[in-house]
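First up is the structure itself, then whatever we jot down about it.
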Amino acid sequence: MHQPLEPPGQQPLGYGKCSPVGSDAGKAAGCSAGSEASGGIGKGPVICSAICGNPYAGLVSHLRAAWLSGKTRPMEYRMAQLEALGRFLDEKKQDILDATALDMGKPSFEAYFTEILLCKNNLNDTLNNLSHWMKDEYVDKNLVTQLDSAFIRKDPYGVVLIIGPWNYPIHLLLVPLIGAIAAGNCVVVKPSETSKNTERLVAEMLTCYLDNDCFAVVTAGVQETTRLLENKFDYIFFTGSPSVGRIVMTAAAKHLTPITLELGGKNPCYVSDTCDVQNVARRVAWGRFFNAGQTCIAPDYVLCSLEMQEKLMPALREAITEFFGPNPQESPDFGRIVGDKQFRRIRALLCSGRVAIGGQTDEKERYIAPTVLADVLPSDPAMQEEIFGPILPIVVVADMDEAIDFINARPQPLAIYAFSCDSKVVKQVLERTSSGGFCGNDTLMHVTLTSLPFGGIGSSGLGMYHGKFTFDTFTHRRSCLHRNMGLEALNSLRYPPYSQQKLGLLTATFEIKRKGMCTLL
Amino acid sequence: MHQPLEPPGQQPLGYGKCSPVGSDAGKAAGCSAGSEASGGIGKGPVICSAICGNPYAGLVSHLRAAWLSGKTRPMEYRMAQLEALGRFLDEKKQDILDATALDMGKPSFEAYFTEILLCKNNLNDTLNNLSHWMKDEYVDKNLVTQLDSAFIRKDPYGVVLIIGPWNYPIHLLLVPLIGAIAAGNCVVVKPSETSKNTERLVAEMLTCYLDNDCFAVVTAGVQETTRLLENKFDYIFFTGSPSVGRIVMTAAAKHLTPITLELGGKNPCYVSDTCDVQNVARRVAWGRFFNAGQTCIAPDYVLCSLEMQEKLMPALREAITEFFGPNPQESPDFGRIVGDKQFRRIRALLCSGRVAIGGQTDEKERYIAPTVLVDVQHSDPIMQEEIFGPILPIVVVASVDEAIDFINSLERPLAVYAFSSDDKVVKQVLERTSSGGFCGNDTLMHVTLTSLPFGGIGSSGLGMYHGKFTFETFSHHRGCLHRSMGREAINSLRYPPYSRQKLGIVRAASEVKRKGACILL
């Protein structure tokens, strides 16, 4: 006899729901499903044990009721929701560019490329292939099951939670969401509270495109997110820092919830002595200074010989000038740091090594110039944490072996980069290190392929996504065997009373033989 | 300036290591690698932060040093270790049958089938296909990366931990181990301390077949396991109960370690009115009473109509008599409960509903007769937990809809079983429920196919294995892109200063189009 957690009709704090007043959102095309939903929350089964009084229990049980109804399972439903997501990206394109510009001065080219184009690539890849991905996968059978049907069913998990970060606030929220919808789940998305303008955009507008019975946006700070995580979800997809990742995984453990953690890490970039210095400088500078360095797969530091450092320096200076002009602060193509706290943390790292290029800061604008630090020591502050800003330290190593040892002595990064005209060197670095992903002779580009899985290892995360892998992430692969009701003679071999003869026959029908081991037969 | 954790040459408590005295183990074929290893433990990098003084820190760092040396990466090494594992199964076959007979009176037919044959199937499947599984997987590319090489590398995780349970103490330890070795990892295996005889066998003999620099057996109770889990592993594979699974996952969260949890659950078995009653009875009785009911995928309870209950009863009685004779206690083909604690827990469940068949117990032998309970209520003790013993309760439901609602109102099980001569009924149950696996018209049989993934969902676990899926579980899928050092003209499109023209070209070169959306081109 519990009291209803929220009086029907009263909007609980922090739910994004399509409301026709107070914003443009109400006028959007997809805005029809939501209005009666808030009164309907009380109808779902109210799960009320350890989480009684939890402010999100009503929302989660509302979504769970929708999931149990089977509404999200048909392909047509999933496709329609994904198409609506595509309309959101098309129709709200300018709003997205504006919001990310306000949040971190994201240049519109970068915003368009990452937040919209790469999202749409994942979306189109999914729309193009979903019917194929969803199909039961028929598998090999042994002699006993020859007449049965054995297949892998792609089941949705149920109600899943996606927690996004602030650096690519649309991309890193929507790419998982695409897979979660495609796989047939109900979803709670929580955008980052740090990128406020984008958070508001998502809360106010995204919900207008999606079925509010099955998809909800929750806006929450640290405390509310802690409460949100007390609820039982069937999958949690988190992108953020390792320290918060630990908290999320600990919360997930209480409900035995499977998780994907997309975290960060200090991504090393080894530059060998044989390379086209100017090309290396451009590709590294592009990867490092894209989005003002606030990219989880950005090259975090360069490892190279002393001679290469000498050669790289003028080439990097040239690349930076070519990219951002003589004064990067005036360039429309260079972003800003997202917040004051982050700005101060990054600025403090400038005291490492020697400032060779850049180094200027402007606290009011949260501007940090594209900076290269030379002769940085492993003990310097810039080498103790992920930089996540437009600073590129160069650490001098004697040779490739020392670079590999340096990399292996540290936590496994999200990406490793290696530059060399000698592909043997690139392959050596790949083979003798461990990391989430790898890119030879370029930076960032490996993530633009939806055919490659993206994900960390060790402290850079666990699980993977992009393209089909996102669908797979949010799909439980249910093993299914459908046998015949008859043909009992075959089965009786396995029943007691047991005998040596039965065992021989059973072995013959079940055994997988080692190939090349029975040449006499 | 830490003191060495273990004086060199002194055998730390609870490590299984191939010792030439005091057991047959020393005379085994594979027993050569280990002897100098214990003195060598001190050489590895001693990781000593939060876990200083941890009794297993030395062992783990010894294995980590071996992993970093790259020793486990070549296919030849992995194959050789797997072949050695095969020799262990062949040469120690009788020891395995004896140990499991001592631990839980496991009939030798059942032990041979599950502990040896199914293990060898996984082993041979792996040996037959490893060269294929290990290969880089080349993937589709976009226009920008047409001339590059994009592939998924199957990297080992590093040092992994496998914790086994007592019910199939060889199978559930070795099947994951096969995949962990195949994927190129170093491994700590911890057999269950409950199945003492098998634990001793594994600790004394398995180590004699494997390279002790890379593979170790730890014997540990609850307290020691807690200490073991304080160490950082790169993957943890746990089979056991949900409550311990939570503890393991919480410990894994501290190091952000990915995990597989193979847990249990109450597996429902729906029997529709249209079926061959005698066949159903045999298949259900076989699955329930195999290994005296101590099987994580055993049918836990039957859901059927009142009429079907009436029909099933004589059929089940006949099947049980056919299997185990008039007095199952005298049958060599019926097992015993593993321990006194487990025996008392299961015996207490007999007070549910009405005993229709069996019900006899013998505490001295830890014998519980094959038992069927009828007219069991949802609220009865037996419906509150996984039975894990030879008791089959029947819960009466009105229809398939009620059965499905019943299943969906409980935690998600590891397996759902449905029996019906009408395929539509079986498919309905499959489609409208959620579970780890599914088998129509039989029990247990879906796990005998190495081509099907095995794993739970929700409180029945997370992650999956068997056959190739075990290899994949222990492999990190590393997304790799190897680009050319030249051809900078294509790249310059993405560099600042940005322009509308560049954006158009970048878009054209990397866009994934919606199929059927550009019919005019």
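Values below: all heavy atoms of this structure, side chains included; hydrogens, waters and symmetry mates excluded. In the text below, chain A, chain B and the rest are named by the order of the sequence lines, each starting its count at 1.
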Let me know if [X] has heavy atoms under 4.5 Å from chain B in its side chain, its backbone, both or neither.
X      : value
A:M464 : side chain
A:S499 : backbone
A:Y498 : both
A:A252 : both
A:N491 : side chain
A:H482 : both
A:L430 : both
A:Q500 : neither

Main-chain N/O of [Y] paired with [X] side-chain donor or acceptor, under 3.5 Å:
X      : Y      : result
A:D333 : B:Y498 : yes
B:H476 : A:G436 : yes
A:D276 : B:M485 : no
A:N128 : B:K513 : yes

Against chain A, label [X] side chain, backbone, both or neither, depending on which of its atoms sit under 4.5 Å from a heavy atom there.
X      : result
B:R153 : side chain
B:V248 : neither
B:S108 : neither
B:R283 : both
B:L263 : side chain
B:R494 : both
B:L462 : side chain
B:F151 : both
B:F289 : neither
B:V144 : side chain
B:S149 : neither
B:D125 : both
B:T433 : both
B:A415 : neither

State which residues pass ring-ring contact (aromatic ring centres under 6.0 Å, His included) with A:Y157; sequence neighbours excluded, sorted by chain then number.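 A:Y235.
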Please list, chain by chain and in numerical order, all residues satisfying ring-ring contact (aromatic ring centres under 6.0 Å, His included) with A:H446, sequence neighbours excluded.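 So A:H446 forms a ring-ring contact (aromatic ring centres under 6.0 Å, His included) with A:Y417.
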Under 4.5 Å, counting heavy-atom pairs only, tell me which of [options] racks up the most with chain B.
options                        : value
A:R483, A:E511, A:R246, A:R478 : A:R478
A:K502, A:K120, A:M249, A:R73  : A:M249
A:P332, A:G245, A:A253         : A:A253
A:T145, A:N121, A:L449, A:N484 : A:N121
A:S479, A:G440, A:C275, A:S420 : A:S479
A:L261, A:D155, A:L506, A:N408 : A:L506

Report yes if the side chains of [X] and [Y] come closer than 4.5 Å at any heavy-atom pair, otherwise no.
X      : Y      : result
B:F334 : A:P496 : no
A:F510 : B:T448 : yes
A:Y112 : B:V506 : no

Considering non-hydrogen atoms only, spot the tightest contact between [X] and [Y] and give its length.
X      : Y      : answer
B:P242 : A:L256 : CB-CD1, 3.8 Å
B:S434 : A:W67  : CB-CH2, 4.1 Å
A:L117 : B:S510 : CD2-OG, 3.7 Å
A:D140 : B:S451 : O-OG, 2.5 Å
A:S435 : B:R478 : OG-NH2, 2.8 Å
A:L452 : B:G479 : CD2-CA, 4.0 Å

Partner chain A: residue of [options] with the largest heavy-atom pair count (under 4.5 Å):
options                        : answer
B:K427, B:E110, B:R412         : B:R412
B:F454, B:F113, B:F324         : B:F113
B:S499, B:S331, B:S484         : B:S484
B:L503, B:T250, B:N408         : B:L503
B:P258, B:G467, B:S460, B:G70  : B:P258
B:N122, B:N279, B:D423, B:V139 : B:N279

Given B:K515, which of A:L127, A:N129, A:N124 fulfils the side chain to side chain contact (heavy atoms under 4.5 Å, CB included) condition?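 Testing each of A:L127, A:N129, A:N124 against B:K515, the sole residue satisfying side chain to side chain contact (heavy atoms under 4.5 Å, CB included) is A:N129.
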Distance from [X] atom [atom1] to [Y] atom [atom2], nearest 0.5 Å?
X      : Y      : atom1 : atom2 : value
A:R514 : B:T126 : CZ    : OG1   : 10.0 Å
A:M485 : B:D442 : CE    : CG    : 9.5 Å
B:I457 : A:T257 : CD1   : OG1   : 10.5 Å

Where do A:R477 and B:F469 land on the side chain to side chain contact (heavy atoms under 4.5 Å, CB included) test, with the steps shown first? CA-CA 11 Å; A:R477 295 165 73 88; B:F469 303 103; 4.0 Å; yes
Test item: side-chain donor near acceptor, A:Y495 and B:E322, under 3.5 Å: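 Judged by distance alone, the side chains do not pair up.
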